[in-house]
A.B. asks: 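Dropping the structure in here first, questions after.
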Amino acid sequence: MRLICPNCDAQYEVDDSAIPDSGRDVQCSACGHAWFQLPPDLVPEEDEPEPALAMTPPAPAPPPPAVKPEPEPEPVREEPAPAMAGAEAPKRSLDDALVTLLREEAAREAAARRAEAERGVETQPDLGLATPAPPPRPPVTDLSAPVEAEAGE
């Protein structure tokens, strides 16, 4: 059976037994497109014309009943609760085990940050690199020798 990808037209030759009677999902290895493939006896041949079915046009649907549209409700505005001077918001109660766990986590985090601050910035002074050679020195001229005048002066 020849499978042709509907996306990129890649063609594959597969054994008829690879597609069960109920069909199966296949995927194109060229473009990755997946489609459902029917077995060869259920796939219509491209050369065969489709049988023309005598169809009567559907009866027009009755018009929908006239319904008066309901007005849209006004959006509800939630006003913030007035803040009471000096009053705290009610606290939710937490499980004691959870509170203990959170306090231990906070203490570990604080200790880790203190230790990191004491160490300072980490440096890597020895990376195993050779010391670079110093740049070459310019040649030293003898300042005691008379300077010869260049030609043309």
Side-chain angles (χ1 to χ4, degrees), residues 1-140:
M1 164 178 208
R2 182 176 301 259
L3 297 181
I4 301 173
C5 175
N7 187 46
C8 70
D9 294 326
Q11 297 185 15
Y12 303 96
E13 195 65 39
V14 296
D15 188 40
D16 291 347
S17 63
I19 309 293
D21 291 339
S22 59
R24 78 181 291 174
D25 288 324
V26 292
Q27 184 174 8
C28 177
S29 60
C31 70
H33 179 73
W35 72 95
F36 187 78
Q37 181 65 47
L38 292 172
D41 55 338
L42 294 179
V43 175
E45 291 294 324
E46 293 179 16
D47 298 340
E48 290 181 16
E50 292 284 328
L53 299 176
M55 295 186 67
T56 58
V67 177
K68 182 179 178 183
E70 294 183 25
E72 291 187 25
E74 292 287 324
V76 177
R77 293 183 185 166
E78 292 186 24
E79 296 292 326
M84 292 187 251
E88 290 185 24
K91 293 185 179 183
R92 294 185 286 176
S93 63
L94 296 176
D95 184 26
D96 290 337
L98 179 61
V99 171
T100 303
L101 177 70
L102 292 173
R103 286 187 178 140
E104 289 173 2
E105 283 287 324
R108 273 195 293 268
E109 182 68 23
R113 288 183 183 202
R114 278 192 304 273
E116 188 174 303
E118 291 171 2
R119 282 192 307 249
V121 176
E122 180 181 333
T123 61
Q124 297 179 344
D126 182 25
L127 295 176
L129 301 175
T131 305
R137 291 184 158 185
V140 177

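Here, residue 1 is the first one in the sequence, and each next residue gets the next number.
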A.B. asks: Listed by chain and number, what are the salt bridge (Lys or Arg N to Asp or Glu O under 4.0 Å) partners of Arg113, not counting sequence neighbours?
C.D. replies: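 Result, salt bridge (Lys or Arg N to Asp or Glu O under 4.0 Å) vs Arg113: Glu109.
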
A.B. asks: What I'd like to find out is whether the side chain of Leu38 reaches to under 4.5 Å of the side chain of Ile19, using heavy atoms alone.
C.D. replies: no

A.B. asks: Heavy atoms, side chains only, cut-off 4.5 Å: are Arg2 and Ile4 in contact?
C.D. replies: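 Side chain of Arg2 against side chain of Ile4, heavy atoms only: contact under 4.5 Å found.
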
A.B. asks: Let me confirm one number: the CG-CE distance from Asp15 to Met1, rounded to the nearest 0.5 Å.
C.D. replies: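 It comes to 11.0 Å.
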
A.B. asks: Should we say atom CG of Asp96 is surrounded by more than 12 heavy atoms from elsewhere, each under 6.0 Å from it?
C.D. replies: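 Atom CG in Asp96 is not crowded, with 12 or fewer foreign heavy atoms closer than 6.0 Å.
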
A.B. asks: Between Gln37 (side chain only) and Arg24 (backbone N and O only), is there a donor and an acceptor less than 3.5 Å apart?
C.D. replies: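 Not at all, since once roles are kept as given, no pair shorter than 3.5 Å links the two residues.
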
A.B. asks: Show which side-chain atoms of residues 101-108 pair as donor or acceptor with protein atoms under 3.5 Å away, not counting sequence neighbours.
C.D. replies:
from   : atom 1 : to     : atom 2 : distance (Å)
Glu105 : OE2    : Arg108 : NH2    : 2.8

A.B. asks: Look up atom SG in Cys5 and atom OH in Tyr12, then write down how far apart they are to the nearest 0.5 Å.
C.D. replies: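 Between atom SG of Cys5 and atom OH of Tyr12 there are 6.5 Å.
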
A.B. asks: Under the side chain to side chain contact (heavy atoms under 4.5 Å, CB included) rule, what do Trp35 and Asp25 come out as? Steps first, then yes or no, please.
C.D. replies: CA-CA 6 Å; Trp35 72 95; Asp25 288 324; over 6 Å; no

A.B. asks: If you measure from NE2 on His33 to SG on Cys28, what distance do you get to the nearest 0.5 Å?
C.D. replies: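 Reported to 0.5 Å precision, the distance equals 8.5 Å.
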
A.B. asks: List in chain and number order the residues that pass side chain to side chain contact (heavy atoms under 4.5 Å, CB included) with Pro134, two or more places apart in sequence or in another chain; answer none if no residue qualifies.
C.D. replies: none

